[in-house]
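See structure below.
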2 protein chains.
Amino acid sequence: MSITSDVIRGHTEPIILAHLIDGDSYGYQINKEIMEKTNNLYELKEATLYSAFRRLEEAGLILSYWGNENVGARRRYYAITDKGREAYQDYKKDWENAKSIINSLLK
Amino acid sequence: MSITSDVIRGHTEPIILAHLIDGDSYGYQINKEIMEKTNNLYELKEATLYSAFRRLEEAGLILSYWGNENVGARRRYYAITDKGREAYQDYKKDWENAKSIINSLLK
DNA sequence: CGTAGATACATCGCCTGTCAAGGTATATAT
DNA sequence: ATATATACCTTGACAGGCGATGTATCTACG
C-alpha cells in the first residue's frame, strides 16, 4: 500500500531537506534514493520534486549549482543552507507535534 | 505550536469518522470536542468541517438528520454508516503506513 | 429594549501543493 | 534504428483547507 497525495502534502520539503543534510545531491538521485529507502512505497513525482526545489531555493533554504559533468546529462546540484537546516528542525518539531495530535484524534 | 493546513490535509475526514464512532453528533459539537481533545492545538475550521461532511455524506460514509430541538438553533446530526466504519479502518492503516514512511525519511 | 455573545448552520472564492502529461538532451545497449 | 536509462523542466488541472461572510435562535446585561 502506497501513500496518498493528501497525506504526503507538506512533507515533500522536509524530506528533501533531510536528504540534503547528508550532502549535496541532484534531483534524479534524490528521487531514486527516496524510492529505495521506502522500498518503492513512496515515489516523489518529478513535477512535485522540481516545484519543491523552486520553493526551497526561493525561500533560501537550499541553493543550486550546475555540476561539471563532461559526459552524460547535466546535473543541477542542490545544497542545504544554514537557514535550511534551521527550517528542517522546525519542520521536524511540527511533524512530531502533528503526529501526536492526529494520533490523539484517531483510535 | 499548532498544526499546519498542509499536514492536516487528508486527515479531516478520518478525524470526523473517529468522532462519530462514539455516537451521533453535530458539527458545532464535533468542532468543540476536537479543540478540547487537543488542548486548542488544533481547530477544525468551519468551512473545512462542513465541506468534509458533504464529501463524507456523498460517499455514503455518514448520513445526516435534523435534530428535533424545540429550543435553540437547529442541529444537523451525523451518524457513521457501516461503509464509514470500514473506510475508517482503511484510513487508519494508511495513516500507520504514512507515519512509518515519513519517519523513515526524516531524521 | 438594545446589544453583545454563544450556539448552530451554510456558501463562495481564493490559495497552494501535487501530479499527469508533455517536452528536451545525452549516453549505452541491442 | 530503437529502446532504455539518465537528467532536466513546464503547463494546466485538480482538490482540500480556509478566510470572509451570511443566516437564525437564545441568553444575559444594563
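Residue numbers begin at 1 in each chain, while the letters A, B, ... track the order of the sequences.
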message = Is the distance from the ring center of B:Tyr78 to that of B:Phe53 below 6.0 Å?
response =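 Yes; B:Phe53 has its ring centre under 6.0 Å from that of B:Tyr78.
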Practice prompt. Mind listing the residues from residues 8-27 of chain A sitting with a heavy atom below 4.0 Å of DNA chain C? Number order is fine.
Written response: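 Those residues are A:Ile8, A:Arg9, A:Gly10, A:Thr12.
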Contact list please: residues 52-66 of chain B against DNA chain C, heavy atoms, distance less than 4.0 Å, in numerical order.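 Listed by number, they are B:Arg54, B:Trp66.
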Euclidean distance, atom [atom1] of residue [X] to atom [atom2] of [N] [Å, nearest integer]:
X       : N      : atom1 : atom2 : value
A:Asp6  : C:dG17 : CG    : C1'   : 10 Å
A:Leu49 : C:dG17 : CG    : P     : 15 Å
B:Glu33 : C:dT7  : CD    : C1'   : 14 Å
B:Tyr28 : C:dG5  : OH    : P     : 13 Å
A:Gln29 : D:dA7  : CD    : P     : 8 Å
B:Arg75 : D:dT25 : CZ    : C1'   : 12 Å
A:Asn31 : D:dC8  : CG    : C1'   : 12 Å
B:Leu44 : D:dG19 : CG    : P     : 12 Å

With sequence neighbours left out, write down each residue that passes salt bridge (charged side-chain N to carboxylate O under 4.0 Å, His left out) with B:Glu86, or none if nothing qualifies.
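Expected list: none.
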TODO: Describe the nucleic acid contact of B:Tyr42 in one word from base, sugar-phosphate, nothing, applying a heavy-atom distance below 4.0 Å.
DONE: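 The residue B:Tyr42 makes no contact with any strand.
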Please produce a list of atom pairs where a protein N or O lies less than 3.5 Å from an N or O of nucleotides 20-29 of chain C.
unit_1	atom_1	unit_2	atom_2	d
C:dA27	OP1	A:Gly72	N	3.2

Where the side chain of [X] meets the backbone of [Y], is there a donor-acceptor pair that is under 3.5 Å apart?
X       : Y        : value
B:Asn31 : B:Gly27  : no
A:Lys83 : A:Ala59  : yes
A:Lys99 : B:Asn103 : no
B:Thr81 : B:Gly60  : yes

Side-chain N or O of [X] versus OP1/OP2 of [N]: is the shortest distance under 4.0 Å?
X       : N      : answer
A:Tyr50 : D:dC8  : yes
A:Lys32 : D:dT6  : yes
B:Ser5  : D:dC18 : yes

Would you mind writing out the side-chain donor-acceptor pairs for residues 40-52 of chain B within the sub-3.5 Å range, not counting sequence neighbours?
unit_1	atom_1	unit_2	atom_2	d
B:Lys45	NZ	B:Glu43	O	3.4
B:Ser51	OG	B:Ala47	O	3.1
B:Ser51	OG	B:Thr48	O	3.1

task = Go through the structure and list residues passing side chain to side chain donor-acceptor pair (under 3.5 Å) with A:Arg76, not counting sequence neighbours.
result =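 Counting only residues at least two positions away or on another chain, A:Arg76 forms a side chain to side chain donor-acceptor pair (under 3.5 Å) with A:Ser64.
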Within a 6.0 Å radius of atom CD on B:Glu69, are there more than 12 heavy atoms belonging to other residues, nucleotides or ligands?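 Enclosed.
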Discussion item. Do the side chains of B:Arg55 and B:Glu13 get close enough for a salt bridge, i.e. N-O under 4.0 angstrom?
Written reply: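 The answer is yes: the pair qualifies as a salt bridge.
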Under a 4.0 Å N-O cut-off, is there an ion pair linking A:Lys107 with B:Asp22?
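Salt bridge flag = yes for B:Asp22 with A:Lys107.
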**Asked** Given the rule in the side chain to side chain contact (heavy atoms under 4.5 Å, CB included) test, do B:Leu17 and A:Leu106 qualify, once you have shown the distances and angles that lead to the verdict?
**Response** CA-CA 9 Å; B:Leu17 291 178; A:Leu106 305 187; over 6 Å; no
